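Working notes, structure below.
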Amino acid sequence: MADYTSLEEIRLQKVEQLRAAGIEPYPTRAQRTHTSKEAVAAFEAVEKDGKEIQATLTGRIRAMRSKGKLTFAHIEDGAGRIQIFLRINEIGQEQVDFFNKKFDLGDFIEVSGVLMRTRTGEITLLVYEFSLLAKAISPLPAAKDEVLEDGTVIRHAALEQPELRARQRYADLAVNPEVRETFRKRALLVKALRDFLDERDFLEVETPILQPLYGGAAARPFVTHHNELDQDMYLRISFELYLKRLLVGNLERVYEIGRDFRNEGVSYKHNPEFTQLEFYWAYADYLQVMEMTEQMVAYACEKVTGTTRVTYQGEELDFSPPWKRIQMSQGILDVSGIDINAYEDGDALFRAIKEKYPEKTPDPKSTRGKLIDFLLSEFLEPTLIQPTFLYDYPRDISPLAKSKPGDPLTVERFEGYAAGFELCNAFTELNDPLDQEQRFIEMGRDYDADDEEQHPMDEDYLRAMRYGMPPCGGFGMGVDRLAMLLTDKHSIRDVLLFPALRNEE
RNA sequence: GGGCGCGUAGCUCAAUGGAAGAGCAGUGGCCUUUUAAGCCAUUGGUUCUGGGUUCGAGUCCCAGCGCGCUCACCA
C-alpha cells in the first residue's frame, strides 16, 4: 500500500467525488480529431477565410490559469502544447467551476471546441465540451514554464535531481520535453544505421543472448543458470563469435543491433547492459571497413542532426569523411616519445616506460599488448577529439584479429575515436582455425587462471572455422556512445531510458 | 572497489551550533483574453537512516543507505 502525501490525498478525494457524481475518472476510450500541432496548422490554413475549425484534442494539463468566469490552460500531447480556453459564455459557470475544482495539473483530458486566436495572438481551443481521460494522483515534479517573447522557455523549479530523473524516467519524460527529443534522436540513429546496412545488402540477424560460453571481447560476464538443462549460461559480452559462424554458413554480410552485458564498473560511459552494433563483411578487409565506418557514421549523424558537424561538450566534431588516420605505433611515438617497435617483449617495454615516465604506474606483470594499451589510453586517447582511426594493434590483445603480413607482433585492427573516447573497434577477422586455436591457448596462458577476462576456448567456434571461413572484415560499435555524441550528452545514463541503478531499498 | 562531494515541504532552494523558511504547486476567496497571470488568506516537515558530542544539532563527530563527480576495470 502506498503512502500518500497530503497532495495525493486531496486528489484521491477528487477521484471519489467524481465517481460519486457519476463521472468515471479513468474512462476506457478516448478520441481526438487533431494533435495540438495539426490543430494549429489547420487553423492557420483557413484563418484568412474566417472559416471555423472544430477540433477534439487530448492531452495532459500542464498549466492552468483561472480567472473565475474563464479559465485558460495548456494541454500537452505527443506533438506539443496548445492553449485551451473555457468560458461561462459557452459552458456556463457551473462547468467552469467544475473544471477548476476537479481537474489538476497532470490530468489527461479530452476537449472539444472551436479554434480561435486570443487577444495576445495565441492559437487556442475555445472549449464547448470537456471530459477527464485519466486522473493524476501524484503531482508531476515540475513547476512552471516561462515562455519569453523570442520563444525560449525558462523552466522554473524543474525536475533536476539526476537520481530522480533516472529512476523515474516516466516523470522525467513527462516533464522535460528535451528528454523525449533525445530518445527520438536515439531512435533515428538506430534506424539510420539499420537503413545504411540494409541498403548495402547486409542481413539483419539475431543470435543468442544466453550463451553456454561467452567470448568475443575482454570482459567479465553475467552468469545465470538454466534449470531444466541444469547448466550455467552467460549473458553475451559480444555477438562476434556467433556472427562469424554465419559467414561459415555462406551468409556474406550480416549485422546485429542488440544488447551486450558486461559485469564491470558503472561510469559516465559504461552501463552493465549497452547496445552494440556489429557487422561482418565477407571479402572485405579492415581498410574497407574503415572507409565504410566513416561513411556510416557520417550518414547517421546527418540523419539525426541534419549535418555532419556536431557540437559535443563545447567542441565541434566533424564526422564528414575522410577521418584522420593514425598508425598506432607512430601515434604513440609522437605523443610519448616511446617507440613500441623497439621493444619486442613486455619486460623491455615496461622498463622503457618506467625510465621515461617514472611517475606512471603500469602493472609490471602486463603483457606487451597491455602496456601498449596503457600508453594508448594514457597519452594518445585524450588527444583524439576529432573523429580519428587508430590502426595496427598489438597481436596479444587482439586474439580474433588477423596478423599483418610480415609483422608478427601486429594485427590488422583499428579503433575509431571521437571526443577522446573509443567509439568502435574493427579488424580483418582471423579465419585460420589453427592460428585461432593457438591464440585461444595463448590467451589462456597470458592471463591468470582466475582472470575472468580470459577468452575461454570455444571448440564449436573452431569447428565452424575448420569448415572454412571467407576472409572478412568485422566491426563493432557502442551505439549508446554514438548517441551521446549526437545528442551532446556527457553521461551514458542520459541516452538510456532506464540506466542501471542500485535498488532503492 | 578507492577518493571527494551532496541528501531540508510535491518541485527548486534558503537557514553563524540558538524559534525549520521562501518561490512554485496545493487549499479557501476576488477577478470575462490569461500565459511563471495577479491580489488576499492558508495548509504542508521522521531536515535520508541509526548512534554520539552538546544546555541546545538541519548544522559538529561516527556508522549505514542512496546519488553525483573522479580514479581503477571495461565499450
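Only heavy atoms go into these numbers, but all of them, side chains included; no hydrogens, no water, no symmetry mates. Here the structure is a predicted model, which means the values were calculated and not measured. To find a chain, count down the sequence lines: A is the first, B the second, and so on, and within it residues start at 1.
Stacking of R169(A) on the aromatic ring of F498(A) is not recorded, the 6.0 Å distance cut-off and the 45° axial limit not both being met.
Partners of D97(A) according to the side-chain hydrogen bond (donor to acceptor under 3.5 Å, both in side chains) rule, which considers only residues two or more places apart in sequence or in another chain, are Q93(A). Residues satisfying the ring-ring contact (aromatic ring centres under 6.0 Å, His included) test with Y234(A), not counting sequence neighbours, are Y214(A). With sequence neighbours excluded, no residue forms a salt bridge (Lys or Arg N to Asp or Glu O under 4.0 Å) with E122(A). Take R439(A) and apply the side-chain hydrogen bond (donor to acceptor under 3.5 Å, both in side chains) test, not counting sequence neighbours, and it matches S403(A), D435(A). Residues satisfying the side-chain hydrogen bond (donor to acceptor under 3.5 Å, both in side chains) test with Q276(A), not counting sequence neighbours, are none. In this structure T388(A) satisfies the side-chain hydrogen bond (donor to acceptor under 3.5 Å, both in side chains) test with no other residue, sequence neighbours excluded.
Distance, I492(A) CD1 to C73(B) P: 18 Å, rounded to whole Å.
Applying the salt bridge (charged side-chain N to carboxylate O under 4.0 Å, His left out) definition to pairs two or more places apart or across chains, none involves residues 487-497 of chain A.
For U43(B), its base never sits under 3.5 Å from the side chain of S6(A) at any donor and acceptor pair.
One finds no side-chain N or O of R220(A) lying less than 4.0 angstrom from the OP1 or OP2 phosphate oxygen of C73(B).
For RNA chain B, the residues of residues 10-18 of chain A within the heavy-atom distance limit of 4.0 Å (strictly under) are I10(A), K14(A), sorted by number.
Residue L7(A) has its side chain nearest to A25(B) when only A25(B), U32(B), U70(B) are considered.
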Every protein N/O lying under 3.5 Å from an N/O of nucleotides 28-30 of chain B:
residue : atom : partner : partner atom : Å
G29(B)  : OP2  : K101(A) : NZ           : 2.8

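The ring of F274(A) lies on top of the base of A75(B), close enough and flat enough: under 5.5 Å between centres, under 30° between planes.
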